[in-house]
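All remarks here apply to the structure that follows.
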Amino acid sequence: MNTTLVKKDLYIGGGHVATNDYVPLYSPYNQMKIAEVAEASRADVDQAVEAAEKARLILRKMPAHKRAAILEKIARILDERSEEAAKIIASEAAKPIKFARGEVARTVQTYKFAAEEAKRIGGETIPLDAAPGGENRIAYTIREPVGIVAAITPFNFPMNLVAHKVGPSIAAGNPVILKPAEQTPLSAYFLAEIAEDAGMPAGGLNVVTGKGETVGDALVKDPRIKAVTFTGSPEVGKLIRRNAELKKVTLELGSNSGVIVDQGVDVDKVVKRAVQGAFAFQGQVCISLQRIYVHENIYEEFIKKFTAETQQLRLGDPHDEDTDISAMISKDDVTRSVDWIEEAIKAGAGLASGYSIHGHILSPTVLVNVDPNTKVSCQEVFAPIVMINKVSSVKEAVAYMNDSKYGLQAGVYTNDIGVGLDAVDELEVGGVLINDIPTFRVDHMPYGGIKESGTGREGLKYAIDELSEMKLVIINKN
Ligand code: NAD
């Protein structure tokens with residue numbers, strides 16, 4: 001698809017709906033205008049909810065094999081159109097094309113997993129006679145669709161994180177209203193096109209673009225919506241939790257993820273993974289590697305090798321095959337990142353590599369000996385910035401890792417399984433990776449955080465649990 005100056009209407013009830021307002025969409029890389037995008041009003045949101053309400057019973061009654069078939073077909077069409085999809089992501093998000101292709105390949109997987117899980121939604125039998133008075137009763141549970149789902153998504157994985165909400169919603173038999181991030185509407189409209197071709201019933205998937213504080217807010221507060229599944233910043237997540245009242249809410253929020261590197265490990269191998277984890281998509285990944293704690297015996301070697309590897313990364317146009325690092329999502333994010341780097345340096349940090357600015361590109365920046373109270377350590381940087389600090393033991397590093405308001409995933413490299421398992425016990429996170437960086441996800445694994453990193457889990461099976469209701473059935477034979 002040529003994304004140059006396309007005009008995108010809302011997608012509601014299986015058709016394109018014009019609005020009063022359209023806003024320009026600019027490339028984060030060269031600031032060229034790439035599209036005009038509908039900005040929905042509260043009345044448009046109302047129309048989307050009505051359309052979803054009409055589709056609700058159709059999806060609820062649709063057999064699992066048919067829901068699975070729609071999801072399988074979405075996966076197939078997306079696979080066939082994968083290059084087009086990758087170019088959309090590169091244009092609107094400035095994701096380097098090789099990473100954009102990786103995202104599309106994962107999105108195909110996510111819809112395939114959703115199709116498979118649609119066929120496995122079941123319950124359990126309960127031995128009621130375990131309680132006096134429960135004799136001669138048969139009890140079992142079933143799972144029912146929750147109702148209309150609002151999916152509110154961030155800019156950083158505009159196809160795959162959308163798939164993590166649309167896939168399980170449809171698998172569970174729920175219509176969805178998707179509100180994508182302001183900067184990445186084109187990926188969402190591309191999905192709508194594919195879903196329609198895949199046989200999605202009208203109103204099964206609706207896309208309403210616009211501002212979070214109007215469109216997102218109207219969705220979160222609408223009583224006809226039964227579940228809100230949100231991925232984004234902790235600030236907005238907390239607001240959603242308050243506004244959603246008794247709706248089901250899944251929150252996938254931010255982090256300042258870290259890895260611990262014990263003595264005795266293969267430094268070259270760790271460095272290769274760690275550089276990828278720190279700088280993929282300019283560090284704008286929720287499990288981006290932001291903090292590295294290295295044992296003092298290998299600290300100097302680690303910094304030297306990490307810096308050398310970082311300097312191999314190529315900066316440039318997201319559409320170039322060789323580009324590793326491109327523009328950040330906005331100029332404000334470049335300014336904020338520079339302020340945070342300066343703050344860390346003023347507080348005594350050393351600069352091992354970086355930082356220079358080229359348009360909206362910030363070169364990958366490596367800070368060492370960072371004060372844990374500075375923002376590059378204790379806030380989520382969401383930028384190509386990583387800090388490397390020295391520790392005398394894994395135990396000491398675990399304490400630093402836990403001194404965080406976030407808790408998404410953490411990594412520990414060690415040759416001592418006992419040390420690794422102690423870290424598993426102690427780390428306050430949703431997932432621990434032994435001998436890997438925290439920046440690892442495949443799409444069927446349970447994924448989510450604790451503390452300010454969120455509540456609930458994604459990964460198709462787990463997301464389906466969040467987007468369905470358990471019903472108990474008891475047959476009295478007395
Ligand atoms: P953001 O919170 O600014 O926006 C996310 C979405 O929320 C957007 O669609 C936005 O329009 C909407 N929104 C804004 N205000 C709203 C309101 N008042 N009510 C309802 N919706 C509203 O996040 P972003 O900048 O697009 O993405 C970056 C953040 O997402 C980072 O914090 C990152 O860690 C997080 N993230 C988390 C995960 C995860 O799985 N844990 C994955 C990716 C990104």
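Counting starts at 1 for both ligands and their atoms, in listed order. Residue numbers count from 1 along this sequence. In this text the structure is predicted, and so the values were computed from the model without any measurement.
For F113, the ring pair (Phe, Tyr, Trp, His ring centres under 6.0 Å) partners are H444, not counting sequence neighbours.
Between K461 and E116, no side-chain nitrogen of the basic residue sits less than 4.0 Å from a carboxylate oxygen of the acidic one, so the salt-bridge criterion is not met. Taking a cutoff of 4.0 Å between a charged side-chain nitrogen and a carboxylate oxygen, R314 and D322 qualify as a salt bridge. Ion pair E84/R81 flagged as a salt bridge, since at least one NZ, NE, NH1 or NH2 atom sits closer than 4.0 Å to an Asp/Glu carboxylate oxygen. The pair E428-K451 meets the salt-bridge criterion, with a side-chain N (NZ, NE, NH1 or NH2) lying under 4.0 Å from an Asp/Glu carboxylate O. A salt bridge links D333 to R336: one of the charged nitrogens lies within less than 4.0 Å of a carboxylate oxygen. Using a cutoff of 4.0 Å between basic side-chain nitrogens and carboxylate oxygens, E245 and K221 are not scored as salt-bridged. Between R42 and D217 there is a salt bridge, since a side-chain N of the basic residue sits under 4.0 Å from a carboxylate O of the acidic one. In summary, D371 and K346 do not engage in a salt bridge, as defined by a charged side-chain N under 4.0 Å from a carboxylate O. Between E36 and K8 there is no salt bridge, since no side-chain nitrogen of the basic residue lies less than 4.0 Å from a carboxylate oxygen of the acidic one. A salt bridge links K375 with E343; the closest basic N to acidic carboxylate O contact falls under 4.0 Å.
Among P154, G232, G430, the residue whose heavy atom sits closest to atom 35 (C) of ligand 1 is G232. Considering each of D217, T250, L239, the one bringing a non-hydrogen atom nearest atom 18 (N) of ligand 1 is L239. Selection from T153, L408, N156 by nearest heavy atom to atom 44 (C) of ligand 1 gives N156.
Looking at atom 28 (C) of ligand 1, its nearest protein heavy atom turns out to be F382 CE2, 3.4 Å. Closest protein heavy atom to atom 12 (C) of ligand 1: I152 CG2, 3.6 Å. Shortest contact from atom 34 (O) of ligand 1 to any protein heavy atom: E380 OE2, 2.4 Å. For atom 36 (N) of ligand 1, the closest heavy atom belonging to the protein is C286 CB, 3.6 Å. Nearest to atom 19 (N) of ligand 1 among the protein's heavy atoms is G212 O, 3.5 Å. The nearest heavy-atom contact from the protein to atom 2 (O) of ligand 1 is S233 OG, 2.6 Å. Nearest protein neighbour of atom 41 (N) of ligand 1, counting heavy atoms only, is L253 O, 2.7 Å. Among all non-hydrogen protein atoms, the one lying nearest atom 7 (O) of ligand 1 is F230 CE1, 3.2 Å.
The ring pair (Phe, Tyr, Trp, His ring centres under 6.0 Å) contacts involving residues 18-37 comprise nothing, where partners must be two or more places apart or lie in separate chains.
Contact annotation for P180 and ligand 1: only backbone heavy atoms (N, CA, C, O) come within less than 4.0 Å of the ligand. Contact annotation for N243 and ligand 1: no heavy atom of the residue comes within less than 4.0 Å of the ligand. Of the heavy atoms in E182, only side-chain atoms (C-beta onward) come closer than 4.0 Å to ligand 1.
Numbered from 1 in the order shown, with element, the atoms of ligand 1 that lie under 4.0 Å from a heavy atom of Y447 read 40 (O). Residue F155 approaches ligand 1 through these ligand atoms, each under 4.0 Å from one of its heavy atoms: 24 (P), 25 (O), 26 (O), 27 (O). Atoms of ligand 1 lying under 4.0 Å from any heavy atom of K179, numbered from 1 in the order shown and given with element: 9 (O), 10 (C), 11 (O). Atoms of ligand 1 lying under 4.0 Å from at least one heavy atom of G216, given by number and element, are 19 (N), 20 (C), 21 (N). Less than 4.0 angstrom separates some heavy atom of T231 from each of these atoms of ligand 1: 5 (C), 36 (N), 37 (C), 38 (C), 39 (C), 40 (O), 42 (C), 43 (C), 44 (C). Here is the list of ligand 1 atoms found below 4.0 Å of a heavy atom in A181: 8 (C), 9 (O). Atoms of ligand 1 lying under 4.0 Å from at least one heavy atom of L161, given by number and element, are 42 (C), 43 (C). Those atoms of ligand 1 with a heavy atom of E252 less than 4.0 angstrom away are 37 (C), 38 (C), 39 (C), 40 (O), 41 (N).
Residue contacts with ligand 1: F157 is excluded, as none of its non-hydrogen atoms falls under 4.0 Å. Ligand 1 lies nowhere less than 4.0 angstrom from a heavy atom belonging to G454.
In this structure, atom 4 (O) of ligand 1 has its sub-4.0 angstrom surroundings free of protein heavy atoms.
With rounding to the nearest 0.5 Å, the separation of CD1 in I77 from CD in E196 is 10.5 Å. One distance of note links NE2 of H164 with OG1 of T250; it measures 13.0 Å at 0.5 Å rounding.
Note: F281 and F155 have perpendicular aromatic rings, judged against thresholds of 30 and 60 degrees for the angle between ring planes.
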